[in-house]
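See below for the structure under consideration.
Excluded from the calculations below are hydrogen atoms, water molecules and symmetry mates; all remaining heavy atoms, backbone and side chain alike, are included. Whatever order the structure lists them in is the order used to number ligands and atoms, beginning at 1.
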Amino acid sequence: MEHIYLDNNATTPLDPCVKKAMNPYMVDIFGNPNSQHEFGTATHQGINTASDQIYHYLNIHENDTFVMTSCATESINTIHKSILFQFLNQKNKQKNKVITSSLEHPASQKSLEFLTQFGIEIVKLPEKHDSIEINDFNTIFDPETTLLVSLIYAHNETGVILPIPEITKILQKDNIPIHIDATQAVGKIPVNIQELGINYLSCSAHKFHGPKGIGGLYIKDNSFITPLFHGGNQMGGFRAGTLNTPGIVGFGKALELAVTNMDHLNSHTLSLTKELEKFLLSINGHIYGINQPRLPNTIFVNIPYIDHDYMAWHLNKHNIAVSTGSACTSYQKERTKSLVQGVRFSLSRFSTENEIDKTIECIKSLL
Ligand code: PLP
């Protein structure tokens with residue numbers, strides 16, 4: 001029976017070309033990259049190629065740092081906890097605020113919540129029209145008291161892209177650092193780190209057809225970083241632990257494939273997203289963030305006369321995998337409140353017209 005996968009914001013299938021690039025490093029070239037002998041040094045070519053790919057395709061300055069982590073959650077936590085240590089080391093504690101939004105993924109939300117028990121104040125920008133507004137930011141922002149701004153770049157449920165370049169412009173005047181959770185953006189839209197003017201960025205390879213278990217953390221100025229893991233001197237001392245060579249190779253290859261084919265792949269994905277969107281609008285579906293800049297692969301829809309849990313259940317029963325929110329909250333007893341109530345369709349470059357047609361037919365059977 002055909003299975004249709006439209007839950008690519010939860011995770012993506014591994015691209016066969018990525019798997020091919022990783023294969024030698026899973027079996028034959030298995031050495032520990034830190035070993036001095038040939039088994040260790042044999043891994044260096046793969047790691048160096050991946051590093052070149054990452055610096056090139058994210059446009060990272062050669063003097064800046066990119067730490068390979070286990071996932072975006074680890075990257076986000078590394079930045080937030082580094083900010084905590086910065087705060088604790090401050091004598092007068094004058095800078096005590098982190099500005100974020102009410103649209104954050106639990107990885108960011110919970111990690112920031114943890115900081116409050118030590119006296120850090122979390123100030124949330126309100127959600128407006130499924131995004132945030134610069135006016136609200138200007139009202140809230142005080143350079144004298146702000147330690148960090150930490151914002152999601154592209155929303156995992158709605159696909160809405162937040163106005164990060166506008167915010168970095170404001171922050172640069174006062175040299176206030178910004179971290180962006182670009183987990184849903186990297187590989188889906190152009191992410192040019194130097195143009196964005198950000199200080200820290202978190203991402204995860206499994207969101208762009210790379211392997212699971214490997215994430216990335218961009219750091220402009222590493223003098224403020226406190227590692228989560230202490231131990232060996234891997235990753236310049238910013239993240240101890242034996243390197244995940246196949247994962248790193250897979251991250252680099254997946255990023256290269258996503259970025260070099262982005263225009264062509266996005267026009268394919270976007271035309272399918274538009275086809276589905278057109279149908280959903282024709283049956284009076286409300287699509288969140290419809291007037292905002294959005295990822296080319298994401299639709300979050302609420303059809304007022306169909307219960308969204310029932311709709312997702314119906315589609316899943318017919319082997320069409322969709323979700324009703326962030327995968328991180330789906331199995332919690334008490335779900336973190338989603339921004340929106342609805343069904344999320346998240347396509348990928350592997351989605352086909354036939355799959356979208358079948359999805360439309362399946363929704364029609366509910367009407
Ligand atoms: N941030 C966003 C926006 C996400 O969508 C996700 C995963 O869904 C994460 C962070 C966490 O990513 P990971 O599970 O790879 O740590």
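Counting atoms of ligand 1 from 1 in the listed order, those under 4.0 Å from a heavy atom of N156 are 3 (C), 5 (O). Atoms of ligand 1 lying under 4.0 Å from any heavy atom of D181, numbered from 1 in the order shown and given with element: 1 (N), 2 (C), 3 (C), 10 (C). Close approach of ligand 1 to I152 is summarised as follows: ligand atoms under 4.0 Å from at least one heavy atom of the residue are 3 (C).
Checking only distances, E74 never comes within under 3.5 Å of ligand 1, N or O to N or O. Taking distance alone, with nitrogen or oxygen atoms compared against 3.5 Å, A154 stays at or beyond that limit from ligand 1.
Looking at S204 against ligand 1, only its side chain comes within 4.0 Å, counting heavy atoms. When non-hydrogen atoms are compared, ligand 1 lies under 4.0 Å from the backbone of T73 as well as from its side chain.
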Please report the C-alpha distance between D130 and N291 in whole Å, then the side-chain angles of each, then the deciding distance to 0.1 Å, and finally whether the side-chain hydrogen bond (donor to acceptor under 3.5 Å, both in side chains) criterion is met. CA-CA 9 Å; D130 307 309; N291 295 320; over 6 Å; no

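Exactly one residue among Q234, R239, E74 makes a side-chain contact (heavy atoms from CB on, under 4.5 Å) with V67. That residue is R239. When each of N135, T146, L125 is checked for a side-chain contact (heavy atoms from CB on, under 4.5 Å) with I140, only L125 meets the rule.
Heavy-atom distances between K207 and ligand 1 reach below 4.0 Å in at least one pair. Distances shorter than 4.0 angstrom occur between a heavy atom of H206 and an atom of ligand 1.
The pair K253-E256 meets the salt-bridge criterion, since a charged nitrogen lies less than 4.0 angstrom from a carboxylate oxygen.
For S101 and E104, the side-chain atoms include at least one donor-acceptor pair closer than 3.5 Å.
A cation-pi arrangement is present between K93 and F87, with the terminal nitrogen or guanidinium carbon under 6.0 Å from the aromatic centre and inside a 45° cone about the axis.
Residues forming a salt bridge (Lys or Arg N to Asp or Glu O under 4.0 Å) with K128 (at least two apart in sequence, or on another chain): D136.
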